[in-house]
J.: 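I have a structure I would like to understand better, so I am pasting it below and will then ask my questions one at a time.
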2 protein chains.
Amino acid sequence: MTKLIDVARKAGCSPTTVSRVINNYGYISEKTRKKVFQAMAELHYQPNSAARSLQGKKTQLVGLIFPTVSNPFFGELVSKIENQLFTAGYKTILCNAEEKIEKERSYLQMLTANKVDGIIAGAHNLEIAEYQETGLPIVSFDRKLSDNIPIVSSDNYLGGELATQELYDNGARKIYFVGTATVTGQPTDRRLQGYKNKIKQLGLEPRVQPISSGEKAEIKEMAIQNLLSTKVVDGIVASDDLTASLCLTVAERLSLSVPQDLKIIGFDGSQVVRTLRPDLSTIVQPTQAIAQLLVKLLEERIAHPHEPLTQDTYTLPVELLRRKSSSHQ
Amino acid sequence: MTKLIDVARKAGCSPTTVSRVINNYGYISEKTRKKVFQAMAELHYQPNSAARSLQGKKTQLVGLIFPTVSNPFFGELVSKIENQLFTAGYKTILCNAEEKIEKERSYLQMLTANKVDGIIAGAHNLEIAEYQETGLPIVSFDRKLSDNIPIVSSDNYLGGELATQELYDNGARKIYFVGTATVTGQPTDRRLQGYKNKIKQLGLEPRVQPISSGEKAEIKEMAIQNLLSTKVVDGIVASDDLTASLCLTVAERLSLSVPQDLKIIGFDGSQVVRTLRPDLSTIVQPTQAIAQLLVKLLEERIAHPHEPLTQDTYTLPVELLRRKSSSHQ
DNA sequence: TTGTACGCGTTATCAT
DNA sequence: ATGATAACGCGTACAA
């Protein structure tokens, strides 16, 4: 591998000068600058990033901790974050934390050891303290990590309200909330809170069918089938599109007509789901805006790691996508 | 950040000894080994990976170059590869190459500069030469990169045949191939070849409706709508599930009954698609097996970079998933 | 079994 | 405007 000193020799100057050219530092004559660039090009010189970061330079590496990119929403979000990071000159280290605490912890250590410049975290299991201990710039998606870590999330509360209102407006009265219903105080719970609040406003009774997100599709389907065959249900606010899709599938199996007998609305609105389930109404999260904001905030934290946060919560607007599954008839 | 010498001081020995303990190298007495581990634990010591790799050590970093994880198939595959890599002690650098040559090239340079231990490539645009120039261990998914780079792929040819046969067996005779139909000689083209061969065997006429994969869903839909409303079609072998799903959507819009009037089969069979389109028949790629094999082969290349390949093409079996969209009635 | 000393490729400091 | 030199943290011949 060609190195700094090779370039220096070729350009007829010292390594220091070459370094100066590369880093745009100090005074260099136009003439030598040209010569150095010339030499670098001819030798296909690539700076050794290990050596650079050993000098305290940034690594241009950012760690992404998310549940899994096999989920279409996270796939889309991660893909957009990666794009933003690339534009900003960063490479992305991907961690699918799954639900495994050990994996998440192990990754956090790796990321610390690898001297990433920062972390974008969207997973949901580790203790807050472990994130703080890293001392790294962190921004979080949909998750309270610590007081000095900014959170970006969609307006989940409003989303829950919108979804419920939509079903109500189209005639549903026995409206269930189906899906992840944790009680951790995390932003995602706010979908459920929005649902509950709206239900109350409407003078209806809240009905929640919790389904743990980690389960296999078959297990989830059974729980839904049980719900739909034993209770009177004419509306379902699902905690996410995948759950909503399972509801659609089960409804069809039970010969329940959607939207006549049962109206369903999901949450997330990724492009893939819109393509694969074009009839599904849903609350759309603005993945592009989320990605942009996460990266922008992280860049700020990296530039000024010790400044106090000007704002610690960023709530982005969601949008109701009306489709057949929630329509009047 | 605590370093080797801090551990050494705490353990009352030299840095060398600590290094030996860490790398399991040379002879160390059990007693000092204990003391060193003790000290490391107390200080929360994390080796500086920049310094290590500067000594020619491995970085335990692997680059993944794929089109985009927002595609459910690649999302699932990348997720599984990342898991395999993690188990093997590697971190994953993710590159969504999209269709952008410049991005792919830029990443390749970054990966080289960052001294990743190897690359798993599943993208489809760069020149072969650029991959060879890196001098890195590489394995490829579904793509011929170079003579000394092993290729892993599903049995796309058989998949194309199976799909066609399935439609035929259930009564279709005007069977179109719809979707990506490149002519690059890459393994993915073999789906089309399998289709063509089977069509010929069956004494039917091949009919291909090419749809470039980069287009937006709306554009693709229009092409499909045009096809279905101007031609007589009773069977569609789609190049992938997303395209198949668009066909289903358009068919419904045109009041064509599936599978009565039109039978459709897709390709890929990711879990997400199975959940969202449970009626869609498809050819399932064995993502878990692909991920395992890719990582295993890469590990071998990393361990023995200069050994000639014992085998350069690995074809994994696909499976036909029969669902309603291709059934007899 | 353990320690000393040098080098990995780059950048920062101090000269010139 | 440019160069010499020390340092970053770790691994490894070589010495003890």
J.: What is the distance, rounded to the nearest whole Å, between atom CD1 of A:Ile28 and atom C1' of D:dT2?
T.: 10 Å
J.: Looking only at side-chain N and O atoms, does B:Ser14 come under 4.0 Å of OP1 or OP2 in C:dT4?
T.: no
J.: Per the side-chain contact (heavy atoms from CB on, under 4.5 Å) rule, which among A:Met1, A:Met40, A:Lys10 passes with A:Tyr45?
T.: A:Met40
J.: Does any donor-acceptor pair link the side chain of B:Thr16 with the base of C:dT4 at a separation under 3.5 Å?
T.: yes
J.: With sugar-phosphate meaning primed atoms plus P, OP1 and OP2, does A:Leu4 contact a base, only sugar-phosphate, or nothing at under 4.0 Å between heavy atoms?
T.: base
J.: Nearest whole angstrom, please: distance from the C1' of C:dT1 to the NZ of B:Lys31.
T.: 11 Å
J.: For B:Pro15, report the nucleic acid contact type (base, sugar-phosphate, nothing); a contact means any heavy atom under 4.0 Å.
T.: nothing
J.: If only side-chain N and O atoms count, and only distance matters, is there a donor-acceptor pair under 3.5 Å linking B:Asn83 with A:Glu98?
T.: yes
J.: Rounding to a whole Å, what distance do you find between B:Arg9:CZ and D:dG9:P?
T.: 12 Å
J.: With a 4.0 Å limit, can you tell me whether A:Lys57 has a side-chain N or O closer than that to the phosphate oxygens OP1/OP2 of C:dA12?
T.: yes
J.: When you check the side-chain N and O atoms of A:Glu104 and A:Tyr131, is any donor under 3.5 Å from an acceptor?
T.: yes
J.: I'd like to know if B:Lys3 pairs up with B:Asp6 as an ion pair, taking the criterion as any Lys NZ or Arg NE/NH1/NH2 lying under 4.0 Å from an Asp or Glu carboxylate oxygen.
T.: no
J.: So which heavy atom on A:Tyr90 is nearest to which on B:Tyr107, and how close?
T.: O-OH, 4.3 Å
J.: Compare side-chain N and O positions of A:Thr17 against OP1 and OP2 of D:dT2 and report whether any pair is under 4.0 Å apart.
T.: no
J.: In Å and rounded to the nearest 0.5 Å, what is the CD1 to CZ distance from B:Ile28 to B:Arg20?
T.: 7.0 Å
J.: D:dA7 P sits how many Å from B:Leu54 CG, rounded?
T.: 17 Å
J.: Rounded to whole Å, how long is the line connecting atom NZ of A:Lys58 with atom P of D:dC8?
T.: 18 Å
J.: From CE of A:Met1 over to C1' of C:dG9, roughly how many Å is that when rounded to an integer?
T.: 13 Å
J.: For C:dT10 and A:Asn48 - does any side-chain N or O of the residue sit under 4.0 Å from the phosphate oxygens OP1/OP2?
T.: no
J.: Below 4.0 angstrom from OP1 or OP2 of D:dG11, is there any side-chain N or O of B:Arg52?
T.: yes
J.: Please enumerate all residues that pass side-chain contact (heavy atoms from CB on, under 4.5 Å) together with A:Gln46, with sequence neighbours excluded.
T.: B:Gln109, B:Ala113
J.: Please state how far atom NZ in B:Lys35 lies from atom P in C:dT2, giving the value in whole angstrom units.
T.: 9 Å
J.: Taking for each residue the nucleotide of DNA chain D bearing the nearest heavy atom, is the 5' side occupied by B:Tyr45 or by B:Tyr25?
T.: B:Tyr45
J.: Given axes from five pairs at either end, by how many degrees does the helix from C:dT1-D:dA16 to C:dT16-D:dA1 bend, rounded to 10°?
T.: 40°
J.: Send over the distance from B:Lys3 NZ to D:dG9 P, rounded to a whole Å.
T.: 4 Å
J.: Assign each of B:Thr32 and B:Ala51 to its nearest nucleotide of DNA chain C by heavy atoms, then name whichever residue's nucleotide is nearer the 5' end.
T.: B:Thr32
J.: List the atom of A:Pro286, the atom of A:Leu316, and the distance in Å for their closest heavy-atom pair.
T.: CG-CB, 3.9 Å
J.: For C:dT11, does OP1 or OP2 lie under 4.0 Å from any side-chain N or O of A:Ser19?
T.: yes
